[in-house]
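Before any comments, here is the structure.
Just so you know, these numbers use all the heavy atoms, side chains as well, and skip hydrogens, waters and symmetry mates. First listed ligand is number 1; within each ligand, the first listed atom is number 1.
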Amino acid sequence: MIETRQDLEALDCADDLREFRAQFELPPDVIYLDGNSLGALPRRTRERVAGVVEREWGRDLIKSWNTADWISMPQRTGDKIAALIGAGKGEVVAADSTSVNLFKALSVALRVNPGRHLIVSEKTNFPTDLYVAQGLIAQLGGDLELLLVDGTDEALEAVLAERGAQIGVVLLTHIHYTTARMYDMRRVTAAAHNAGAVIVWDLSHSAGIAPIDLHGCDADFAVGCGYKHLNGGPGAPAFIYVARRYHERFMQPISGWMGDARPFEFLPGYEPAAGISRYLSGTPPVIAMAALEASVELILEAPMEAIRRKSIALCDVFIALMDRHCADSALELISPRDGAWRGSHLSYRHEASYPIMQALIRSGIIGDCRPPDLMRFGFAPLYLRYVDLWDAVMRIAEVLRTREWDRAEFRSRQSVT
Ligand SMILES: *Cc1c(COP(=O)(O)O)cnc(C)c1O
């Protein structure tokens, strides 16, 4: 039972991940509850980037493509991410943005079952996933269609049962960006396969925060984001996973020279590289890739079971404190209360979500809003303390009680952030 701030201090003392906080650059006057949107900066990442800029670029110039092995950074970083998502070496590359990787993955996924004309996704999926599917359909034409269903395992299974023979691809985000609801990846992948469809998983809100077993689930394709729980920095490269069984069967549509078998022979005809390397397109963004690689290395030092355990506990404690101290306000938790099927953020509905969040940010409690009326709080187990939750909830309670948010400066959309 959590009654006092001391109870939370005790949880921090017993936290087996507590040493990790010192590995991050965190402003002293901020409680950062937005690591699910932009992960914080690890100290080693700052140092790695400085080294790449000063020594590898500044001093060694173009030689660093070989001497610092810049050229294999996408594969090397991909292998490190693979260890976080249950993929094998040589099945993941870091490259481009999640949106671009979705385009590649979906394009290839559609070619697995050329006779089937439906892409199934979820109505409230992250917009870029739906937009990329729409763009690809507009480009390919024919009778391709995007079919959007409710976001429950049951709704998906129903559509797979009814229209399975027409469904080529199922495109889903593992952990929902607002509700944090988590799909049962094994069950949904098996249901897609039973209908003869392939599946593309978007792991943007899961990679680095929850155990993922792409091999164990027999997943076909996956993409994900580098700047959220992977802490790769703003606009970090994303990643793409393709199951080995498809590597040599298909080429992807953005067939740039870095995905060619012999880019430095400058030949006129494209020949896809062997393996996952063919999913590269252009030159890797070396500085950004170095940041992502260093940050992923840090996550790999923490046992994933410990990350997951603390992530669930942080959310549970936050919910309990909010229930207790912010109970009679017009707040509604829309995320699952069952930690087993929840990611590492929580969304609360409130009609004044925007000004409330502005008031919180003004006092150093950083979360974010998603329209029309959601406040979202993310919980990063490697750098958040339990006492931070106490301090954040006490402040939220105060803002609600005093209606401090109901001031023009917080209501104006031009203010604060
Ligand atoms: C954040 C996020 C993205 C980001 O896409 P980018 O192209 O890298 O900007 C994609 N999908 C989901 C589900 C996300 O949460």
Could you tell me which atoms of ligand 1, counted from 1 in the order shown, lie closer than 4.0 angstrom to a heavy atom of [X]?
{"X": "S99", "result": "5 (O), 6 (P), 7 (O)"}
{"X": "S204", "result": "2 (C), 3 (C), 10 (C), 11 (N), 12 (C), 13 (C), 14 (C), 15 (O)"}
{"X": "T173", "result": "13 (C)"}
{"X": "D202", "result": "10 (C), 11 (N), 12 (C), 13 (C)"}

List the closest protein heavy-atom neighbour of atom 5 (O) of ligand 1: residue, atom name, distance to the nearest 0.1 Å. T98 CB, 3.3 Å
For atom 9 (O) of ligand 1, what's the nearest protein heavy-atom neighbour? Residue, atom name and distance, please. Y227 OH, 3.2 Å
Could you check which of H205, K228, H174, H176 puts a non-hydrogen atom nearest to atom 14 (C) of ligand 1? K228
With backbone taken as N, CA, C and O and side chain as the heavy atoms from C-beta onward, which portion of T128 lies under 4.0 Å from ligand 1: side chain, backbone, both, or neither? side chain
How does N125 reach ligand 1, by side chain, by backbone, by both or by neither, if only non-hydrogen atoms under 4.0 Å count? neither
Using 0.5 Å steps for rounding, measure from the CG atom of L267 to the CG atom of D260. 7.0 Å
Set out, in order, the CA-CA distance, both residues' side-chain angles and the distance that settles salt bridge (Lys or Arg N to Asp or Glu O under 4.0 Å) for D388 and R385, then state yes or no. CA-CA 5 Å; D388 295 328; R385 298 168 299 202; 2.9 Å; yes
Taking R349 for the side chain and I334 for the main chain, is one N or O donor matched with an acceptor at less than 3.5 Å? no
Aromatic ring centroids of [X] and [Y] under 6.0 Å?
{"X": "F318", "Y": "F377", "value": "yes"}
{"X": "Y354", "Y": "F410", "value": "no"}
{"X": "H176", "Y": "H205", "value": "no"}

Exercise: identify the closest heavy-atom pair between S204 and T98: OG-CG2, 3.7 Å
